[in-house]
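Note sheet for the following structure.
Note that ligands are numbered from 1 as they come in the structure, with each ligand's atoms numbered from 1 the same way.
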Amino acid sequence: PVTEEDARFQQRIDNEDKIEPRDWMPDGYRRTLVRQISQHAHSEIVGMLPEGNWITRAPSLRRKVALLAKVQDEGGHGLYLYSAAETLGVSRDELVEQLLSGKAKYSSIFNYPTLTWADIGAIGWLVDGAAIMNQVPLCRCSYGPYARAMVRICREESFHQRQGYELMMALAKGTPEQKRMAQDALNRWWWPSLMMFGPPDEHSAHSAQNMAWKIKRFSNDDLRQRFIDATVPQAEYLGLTIPDPELRLNTETGHYEIGPIDWTEFEQVLKGNGPCNRERIEARRKAWDDGAWVREAAVAHARKRKARDMK
Ligand code: 3HC
């Protein structure tokens, strides 16, 4: 039943008000934001693993510096997003426990391996490109702390996407072997990047409610289509082929039409049966355990300082 308060809240949403942490909000609004923001944060932190895999093997200092900066940025994005989630009354430890226990999701895309250096270019170009499509509208999300976190994140994502595309350009315009590496990376990252936008609208559990609450401004399929329309010409410019024999430009609508997405693969990855799911969670568990002494030292140090300041 819609209560007085729910109706007043929806009026605020319709007026494009920003909802702030101390405002009244329906439990469902709080719950779906904790769910989405925490899973977004987990995605950023887990996303550091496939990318970090190539820091020691970057082909030049320039590429190493850009990759280091990008991986560090992802860590910072995780920080902003966990902090935004904490404003809704959950603790960081609770959220980390949900990730490590497998209860919480993170973006399916990070369960794929980075097999060659070209994957680092494909991730910047396609994965950060897809992330930008989905995150720019989130800058106008109705929940203040989340919208504000996204403004800074989107600026850094643009750098991530540009350095990735430039890396792919160097390979595509390089030796035949380098061009083959770039094409192989595109072949492996194209379809998983399309899955980042979520299931088709008719199978999206949260879209209707999240769009009513102006958390989600555009549907999964809308944003996926925008990404495809923007990315196909970029692949053509690189002289690379999109791995979809049914891809065609509909000259009436101006949109590209694609072949079927393999949603069973998507479901398998979400179930934990992707190529790297176990490895990713194990790496996060190890990082959490190995970092326990740092957290204890920081708490002990803070206690000492507090005691000293109290004298
Ligand atoms: N990977 C994992 N789970 C996914 C998913 C994906 N690609 N797409 C959808 N899901 C999950 C949803 O979380 C939901 O499961 P849940 O109820 O257990 O949370 C279920 O599938 C149904 O999907 P819905 O479409 O109903 O879910 P949403 O309305 O939440 O839409 C979303 C999914 C578009 C990813 C939305 O959650 C969103 O916009 N999240 C914030 C942005 C984000 O997380 N982007 C991907 C992170 S990659 C990244 O940013 C790192 C970059 O720096 C490289």
Can you list everything that forms a salt bridge (charged side-chain N to carboxylate O under 4.0 Å, His left out) with Asp290? Sequence neighbours excluded, please. Lys286
Should side-chain heavy atoms under 4.5 Å link Ile, Leu, Val, Met, Phe, Trp and Tyr, which residues sit in the same cluster as Met310? none
Examine Leu49 and Phe110 and state if one hydrophobic cluster contains both, with Ile, Leu, Val, Met, Phe, Trp and Tyr joined whenever side-chain heavy atoms are less than 4.5 Å apart. yes
Tracing side-chain contacts under 4.5 Å among Ile, Leu, Val, Met, Phe, Trp and Tyr outward from Leu61 reaches Val65
Positive for side chain to side chain donor-acceptor pair (under 3.5 Å) with Asn273, one of Arg278, Glu265, Gln268, Glu267: Gln268
Between Tyr82 and His42, is a ring pair (Phe, Tyr, Trp, His ring centres under 6.0 Å) present by the stated rule, with each step listed? CA-CA 8 Å; Tyr82 282 128; His42 297 330; 5.5 Å; yes
So which residues, sorted by chain and number, lie with a heavy atom under 4.0 Å of ligand 1? Arg35, Gln36, Gln39, His40, Ser43, Glu44, Glu74, Lys105, Tyr106, Ser107, Ser108, Phe110, Val127, Asp128, Ala131, Asn134, Gln135, Leu138, Tyr146, Glu157, Met195, Met196, Phe197, Gly198, Pro199, Ser204, Ala205, His206, Lys216, Asn220, Phe266, Leu270
